[in-house]
> 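Here it is: the structure, laid out below.
A, B, ... follow the sequence lines: proteins, then strands. Residue 1 opens every chain.
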Amino acid sequence: MQSLGDAFSMLGALDHDVMAIAWLSLRVSLSAVLLGSLVAIPLGALLAIVTFPGRPLVVAVVNAFMGLPPVLVGLIVYLLLSRSGPLGALGLLFSPGAMIVAQTVLAIPLLAALTRQIVEDAHRELDEQLRSLRLDVWQRIRVLVFHLRFSLVVAVLAAFGRAISEVGAVLVVGGNIDGYTRTMTTAISLETQKGDLPLAIALGILLIAIVLVVNGTASAMRAYTMRLYP
Amino acid sequence: MAVLRRSLLAIGVALLGMAPTLTPAASSITVASTTSTEQSGLFGHLLPRFTGRTGIEVRVVALGTGQALDVGRRGDADVVFVHDRAAEEKFVAEGHGVNRVEVMYNDFVIAGPKSDPAKAAGSDILQALQRIAATEQPFISRGDRSGTHAAELRYWQAAGIDIADAGGDWYREIGQGMGPALNMASASNAYVLSDRGTWLSFKNRGELAILVEGDRRLFNQYGVMLVNPEKHPDVQATEGQAFIDWLVSDEGQQAIGDYRIDGQQLFFPNAGATQISQ
């Protein structure tokens, strides 16, 4: 409890370094979720409306990959981006770019699986209408994704939550370099290791506050656009 | 729909605009080093001086010595700065590192519960370990191939104790860094071997205190080397060598000796001096 009290008093005195760390966390995770959404929402919607042999298996695999261990993703991305690995020439390892790649890989299955479920449920109801419009697959996906845009926001927020809160992947591929790849979660982990529990808790509270602000902003935008385009 | 598409596009552009630069800045090097140098704050003290003098930015990835050498082996760092001479010499012999020089030393201590149930306190590391083993008091081992872990295993061997065969649940290998090992020792009132720097900057000590220190065998030599640019063409050899040269220069050595926590000197510069026996 002593630690918790110290933590709150520290929040009042957040310095420039902590703000830079919070900002890095935010841009890495938002970039990863944006890139992941561009790939996973169309793919998830496609998977929702097409039928092919083995589809239940693909759905099961995508669902299961929502639980990919971040540290495993980190290790695989590390091996790919290492100078000795296939993508080593990019020189991305131990940089914010590497962290975006790893978190994008983490976000994609979650986004695809949730999109698939949301779109599939709606598609069942709208199937006949869509048929009567004689739309091709891509047109249907566009109509469905637009129609479901407010529900899909939840999938995007879930992916953001997964990205900004994970430590295993960014630690391995980013290296927790002071002033360059240190994020909120790797900083919390580092301060815990150094036994500075009040500072670790203060950073944790700040991280939760950031997640709250992002979710609040998304809700506000959603409410606003719903009023404009009901 | 057009409005939504336009606003989505605007958000996308804004996000990508905030995306961090994907390629590293021109004049920067990556140094694979150990938690003891990073977490003690030594790099925070040294690097601004080096960068101020040369304009070269240094990015430190802090790992155990074994992992740091592995990062060097894969060509993912330009310089390796660690403390396990046997492993360093192997690294150089394999052709992964060149120009190894010794930079400084610090010392290890045994921390343990103030009540000292094993009666280990004193200045003889081997006797302390023998007493801990004889009384089967809990001992936390890093177990992570770090330089500190390698040193610990050497001390057990010198004390005549076959730790692999010791059995019992008093000897606990946790496979983690110095900080977690100290946290665990503090939580379970166990003995632990730590480098002095990490101990001094560690805040969650609980009932732990330094019990064994001052044995010459506890001195811990740090070496620095360039990752071999012939083996790994992406290595920034000029900038990396500049960092090594600065560390062993009068200015660098002075800066290392000046670093203090609570008035205590943590690292003792000894580049070019007589070697400290392990």
Side-chain angles (χ1 to χ4, degrees), chain A residues 3 23-24 26-35 37-38 78-79 81-85 88-101 142-143 146-147 149 171-182 189-200 221 224-225 228-229, chain B residues 1 3-5 7-8 11-12 14-25 28 30-32 35 38-41 43-44 47 57-63 70-71 73-77 176-183 186 198-199 201-206 208 227 231-235:
Chain A
S3 293
W23 178 233
L24 177 71
L26 204 54
R27 12 183 249 187
V28 166
S29 296
L30 285 176
S31 304
V33 169
L34 178 76
L35 292 174
S37 299
L38 292 177
Y78 175 95
L79 293 174
L81 295 182
S82 167
R83 290 283 187 196
S84 311
L90 298 175
L92 272 183
L93 193 67
F94 301 140
S95 76
M99 302 197 289
I100 293 176
V101 171
R142 281 175 56 183
V143 169
F146 181 73
H147 179 69
R149 61 198 182 279
L171 185 61
V172 175
V173 303
N176 192 22
I177 298 169
D178 191 13
Y180 185 53
T181 58
R182 183 160 298 163
S189 163
L190 178 68
E191 294 307 329
T192 306
Q193 289 181 13
K194 286 159 78 175
D196 198 340
L197 305 187
L199 182 53
M221 276 173 64
Y224 177 72
T225 46
L228 279 186
Y229 316 101
Chain B
M1 191 134 173
V3 178
L4 183 89
R5 201 177 303 143
S7 58
L8 273 180
I11 294 170
L15 279 180
L16 284 181
M18 359 193 280
T21 357
L22 290 181
T23 43
S28 70
T30 302
V31 176
T35 49
E38 165 81 353
Q39 290 187 12
S40 63
F43 278 128
L47 298 185
E57 196 188 326
V58 181
R59 293 170 179 156
V60 178
V61 181
L63 303 156
D70 282 346
V71 166
R73 274 190 189 96
R74 302 187 61 89
D76 291 324
Q176 298 186 68
M178 196 68 252
L182 285 168
N183 271 327
S186 164
T198 308
W199 167 259
S201 53
F202 181 73
K203 299 196 170 140
N204 182 32
R205 292 179 191 171
L208 298 188
V227 175
K231 202 149 192 158
H232 302 285
D234 290 310
V235 165

> Got A:Arg83 and B:His232 here, is their nearest side-chain heavy-atom distance under 4.5 Å?
no
> Quick one: side chain to side chain contact (heavy atoms under 4.5 Å, CB included) partners of B:Val58, sequence neighbours excluded?
B:Ile29, B:Val31, B:Leu47, B:Phe50, B:Val60, B:Phe243
> Taking all atoms of both residues into account, what is the closest heavy-atom pair of A:Ser84 and B:Gly75, and its distance?
OG-N, 4.4 Å
> Donor-acceptor pair, B:Asn204 side chain versus A:Leu197 backbone, under 3.5 Å?
no
> Counting only heavy atoms closer than 4.5 Å, note whether B:Thr30 contacts chain A via side chain, backbone, both or neither.
side chain
> Given the options A:Leu79, A:Thr181, A:Leu38, A:Asp178, which has more heavy-atom pairs under 4.5 Å with chain B than any of the others?
A:Leu79
> Excluding sequence neighbours, so at least two apart, what forms ring-ring contact (aromatic ring centres under 6.0 Å, His included) with B:Phe202?
none
> Relative to chain A, which segment of B:Asp76 carries a heavy atom at a distance below 4.5 Å: side chain, backbone, both, or neither?
both
> Roughly how far, to the nearest 0.5 Å, is the NZ atom of A:Lys194 from the CG atom of B:Leu182?
13.0 Å
> Given the options B:Gln176, B:Lys203, B:Arg205, which has more heavy-atom pairs under 4.5 Å with chain A than any of the others?
B:Lys203
> At a heavy-atom separation under 4.5 Å, does B:Glu38 approach chain A through its side chain, its backbone, both, or neither?
side chain
> Check each atom of A:Leu171 against the heavy atoms of chain B and say whether the ones under 4.5 Å are side chain, backbone, both or neither.
neither
